[in-house]
Amino acid sequence: PPQMELEALRSIYEGDGCFRELSPVSFQYRIGENGDPKAFLIEVSWPETYPQTAPVLSMDAFFNNTISSTVKQSILDKLMVEVEANLGTAMTYTLFEYAKDNKELFMENQPVHTVISASNSISIGTPDVPASKKKDKKEQLSKTQKRKLADKTDHKGELPRGWNWVDVIK
């Protein structure tokens with residue numbers, strides 16, 4: 001492996017929580033903060049003939065499992081253009097930095113799930129109004145309706161945590 005580039009990467013990204021050296025020829029870089037819905041992970045692996053040949057770029061990390069495959073493909077396509085332009089030179093840093101600089105562009109077509117913000121906005125404004133509305137409604141329910149509701153929700157009338165989570169574990 002290109003020892004100089006390896007050492008350069010180690011010193012550049014020392015203490016950078018986004019950078020991970022998986023092996024001396026394989027690196028991951030997280031573009032975006034943890035918890036950022038548009039964050040993504042790029043993996044760069046060097047084949048034996050790197051940098052004369054292109055590094056292997058991958059977005060198969062579990063971290064990226066919420067990113068649509070079309071967005072992943074377009075990110076990889078854009079990175080490959082950079083790779084072509086930099087063949088023969090140490091380019092891992094260039095690729096990571098290019099991805100950082102173009103994060104918004106890369107992820108412009110990624111739908112962001114706004115589940116979190118939707119639930120936060122409920123608490124804005126006067127909190128007692130929806131509560132009193134809810135009470136009125138509940139009194140009009142018949143016993144069987146109440147029972148059905150209680151089965152579906154917890155005693156506060158809220159759906160149990162995680163009822164609408166997507167199960168990603170196959």
When clusters are formed from ILVMFWY side-chain contacts under 4.5 Å, directly or step by step, what else is grouped with Leu105?
->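 ILVMFWY cluster around Leu105 holds nothing else.
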Taking side chain to side chain contact (heavy atoms under 4.5 Å, CB included) as the test, write out the residues that go with [X], two or more places apart.
| X | result |
| --- | --- |
| Ser26 | Leu22, Ser23, Glu43, Ser45 |
| Asp77 | Gln73 |
| Ser69 | none |
| Glu82 | Asn86, Thr94, Leu95, Tyr98 |

Which residues satisfy the salt bridge (Lys or Arg N to Asp or Glu O under 4.0 Å) test with [X], sequence neighbours excluded?
| X | answer |
| --- | --- |
| Lys103 | Asp36 |
| Arg20 | none |
| Glu97 | Lys100 |

Thr66 backbone acceptor or donor facing Gln110 side chain under 3.5 Å =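 Yes, the answer is positive, given that a donor and an acceptor are paired below the 3.5 Å cut-off.
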Partners passing ring-ring contact (aromatic ring centres under 6.0 Å, His included) against Tyr50 (at least two apart in sequence or in another chain) =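 Only Trp46 meet the ring-ring contact (aromatic ring centres under 6.0 Å, His included) criterion with Tyr50.
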Centroid-to-centroid, Tyr29 to Tyr13, below 6.0 Å?
->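 Tyr29 vs Tyr13: aromatic centres under 6.0 Å.
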With sequence neighbours left out, write down each residue that passes side chain to side chain donor-acceptor pair (under 3.5 Å) with Asn109, or none if nothing qualifies.
->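 Expected list: none.
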Does any pair with a residue in residues 52-61 pass side chain to side chain donor-acceptor pair (under 3.5 Å), and if so which ones, sequence neighbours excluded?
->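 Counting only pairs at least two positions apart or across chains, the side chain to side chain donor-acceptor pair (under 3.5 Å) contacts touching residues 52-61 are Thr49-Thr53.
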Quick check: are there more than 12 heavy atoms from other residues, nucleotides or ligands sitting under 6.0 Å from CZ of Phe19?
->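 Enclosed.
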Listed once per pair and sorted, the salt bridge (charged side-chain N to carboxylate O under 4.0 Å, His left out) pairs that draw on residues 4-13, sequence neighbours left out |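 Matches after skipping sequence neighbours: Arg10-Glu21.
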